[in-house]
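Notes to accompany the following structure.
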Amino acid sequence: MQMLRDVLEPLLEAVLQDIGVNSQHWRSMLVRSREHDQGDLSLPCFPFAKELGKSPIEIAETLAQALPNNSALGQVSAVAGYLNIKANPEWLASQVMNNGVRIGDAFGKKPANDQQILIEHTSANPNGPFHVGRARNAILGDTLVRLHRLHGNNVRAEYYVDDMGKQVAVLAWALENLSSEEVEKTLDQKDTVNPKWSGKADHERVRWYQAAQAIRQDRSDKEEIEEEIGRMVHASEHGDEAVLQSFQDAYQPVLDGMLSTLERLGISFDTFTKESIFVTNGDVSNLMEKFKTFEIHGVAENGAEYLDLGARGLKGKTEFFFRRGDGSSLYATRDIAYHIWKWKQSNQLINVLGEDHKLQAKQVGMTLAELGEKVPDVLFYSFIKLPEGKMSTRKGNVVYMDDLLEEAQAQASAVVRELHPDYPDELVNSISEAAGTSAVRFNIIKVSPDKGFTFRWEEALAFEGGSAPFVMYSHARACSIARKCVGAGIDVEANLAKTNVPVPDQMPKGMVELLRTICVHSDVLSKAVNDRRPHLFANQLLQLATSFNSFYRDCMILQDGELNVFNLQLSEIARNLMRTSMEGLGIVPIEQM
RNA sequence: GGACGUAUAGUGUAGUUGGAUAUCACUUUGGCCUUCUAAGCCGAAAACCCGGGUUCGAAUCCUGGUACGUCCGCCA
């Protein structure tokens, strides 16, 4: 709780100096108490014992006695060598009510600053529909974008389109050379397209890609095919406009289909940058010429070139190849050119990458450093696997995002119908769409990115406990209260505008809990953003919703037609904080459910 | 074989960078709907992979194991 810390530290410093502690080390020892009953902040006094020649218990007691009265401080106590300090609930209330935590206009939105941040995420190869594994990148990345915006940062969400290379070439070749009969014959009814997605190019065209993959293995003329594809790849890497155009014609509908899936999850991008532009504009070849002048530059027997990053401390395989024997560039080389370009338009770069890209990212980072460029921040995440094992399109062991979202919506719909048989279809649909997609997102965001994640239908579709619908429900309740007030003829706006509303003498547990949660909200947001760990904020939002539910139980706002102004104001603050926070995580803040 | 990551109640997870009685949810279990939405609230039970070390104090740091994941292409 930074607010309390700001008040407490100067007071503690004076007191500590009085008893003979002069170092500043204690600041890092001041920690949040485990038990809220004991306090909000605690100072363990054991390290002072040696220095002062007194027992920790004695020191804690001396400090508790010496700490001056302050409106921010509630109970101050010494327990077993710990100095425990509790915030005064009335002070918390005044902080919350008097804009102390209302940051900006939107209760929790910080004012914008001049940081220009570019977050690149997803950047999936446009050759097939999203499955839940690939979606972790998009959900994590988009959440990071949203949280930065909530934090007041200027962010650009960027998708790096892989519009060259073998995968796209295979897709383009297949679309030009294979009839749909051939495709179906080759795939032999395997993993047929869900009729629901029959118009969707990401689901349709991936079959051409898969058929081509099979044909490249088996067909009698596979050498010629390979040659043809190789020629296309080669031409694209030398900037052949016609070939690049044919690639784009092949992948663009697929990409559009994939993006529409993401859109359903509330994920969108500001800019799309095509990999090929760094080849056609000469950046890549200039870069490769520059590498030649490096002292760690090396050449293989067939003329392929590399940088020996071992000389810069890279362990394992130290040769980082940036040019093939035939003179063309490699993916990583283009990625470096891309990063140099990105640095020209922003002062912070964040990439969201799967853990399989760790080595690659390291090589790119070291090379950028070698070039005198800054190294981007990277958020790595571990893969999502299925209970049956690794997710693999080839083995048919996949859960497509489109299917998951459809199922989530259907199950949410069943829940709504059971709970509210009176709701009209249209309302049921909008609630279940919001609840279903939000649940899927939240289920993925709430766990630490570097944790391996096993996808389970029951968990993705859990609508209670620590889920998105749980938060949405709390928010909808708060909205319902406001509606009730309006219905009772109360001017909500006018009551919210009232100042100097007296803080109640008796504050129920639920109210204090809510105030305390609100007071740490912005601390947690900063940490989640700065450490690139969105799950911290997801947990904070759960805490906020839980606190609100306790408050809701303990504190009536409208009782026998009487309005409690203080409670209304607090409820509205919490409601707005929930709303902006939900938006920050991509949870749809519907007002009724 | 090497590099990097992970290991917490029956299950899934949090742990603010070394502090007290380790978080939350599911499951199990006892209560709460004639007052603002019970997708809710209040309670019970249940865990730090195994050895060593560092120190007043270790889930957290060091070290040695074990298990799992990822990578170690002139692929993207």
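Fair warning: this is a prediction, and the values are worked out from it, not measured in the lab. Note on naming: letters A, B, ... go to the chains in the order of the sequence lines (proteins, then strands), and numbering restarts at 1 for each one.
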- Message: What contact category does E237(A) fall into here, base, sugar-phosphate, or nothing, at under 4.0 angstrom with non-hydrogen atoms?
- Response: sugar-phosphate
- Query: May F470(A) be described as stacking on the base of A39(B), applying a 5.5 Å centroid limit and a 30° limit on plane angle?
  - Reply: no
- Query: Mind telling me whether C33(B) is syn or anti, cutoff 90° either side of 0?
  - Reply: syn
- Message: Over all strands shown, is K390(A) touching base, sugar-phosphate only, or nothing at heavy-atom distances under 4.0 angstrom?
- Response: sugar-phosphate
- Message: Considering every strand and a 4.0 Å limit on heavy-atom distances, what is the contact class for S28(A): base, sugar-phosphate, or nothing?
- Response: nothing
- Query: Checking all strands, does L43(A) fall into the base, sugar-phosphate, or nothing category for heavy-atom contacts under 4.0 angstrom?
  - Reply: nothing
- Which is true for Q360(A) with a 4.0 Å heavy-atom rule: it touches a base, it touches only sugar-phosphate, or it touches nothing? base
- Query: How would you label the contact of K362(A) with the nucleic acid (heavy atoms, under 4.0 Å): base, sugar-phosphate, or nothing?
  - Reply: nothing
- Note on the structure: chi for U17(B) classified (syn = within 90 degrees of 0, anti otherwise) as syn
- Message: In dot-bracket form, 5' to 3', how is RNA chain B paired? Count Watson-Crick and G-U wobble pairs only if both distances fall under 3.5 Å, and write | where the partner sits on another strand.
- Response: (((((((..(((......[....))).(((((.......)))))....(((((..]....))))))))))))....
- Message: Using a heavy-atom cut-off of 4.0 Å across all strands, would you classify N302(A) as base, sugar-phosphate, or nothing?
- Response: base
- Select base, sugar-phosphate, or nothing to describe what L558(A) touches, counting heavy atoms under 4.0 Å on all strands. base
- Query: Is R483(A) touching bases, backbone alone, or none of the nucleic acid, heavy atoms closer than 4.0 Å?
  - Reply: base
- Just call it for R533(A): base, sugar-phosphate, or nothing, with non-hydrogen atoms closer than 4.0 Å on any strand. sugar-phosphate
- With a non-hydrogen cut-off below 4.0 angstrom, is L330(A) in contact with a base, only sugar-phosphate, or nothing? sugar-phosphate
- Task: Check the angle between the aromatic planes of Y160(A) and Y338(A) and answer parallel, tilted or perpendicular using the 30° and 60° thresholds.
- Result: parallel
- Query: Roughly how far apart are R216(A) CZ and K166(A) NZ, rounded to 0.5 Å?
  - Reply: 6.0 Å
- Task: Consider only side-chain N and O atoms of R477(A) and N549(A), and report whether a donor and an acceptor are under 3.5 Å apart.
- Result: yes
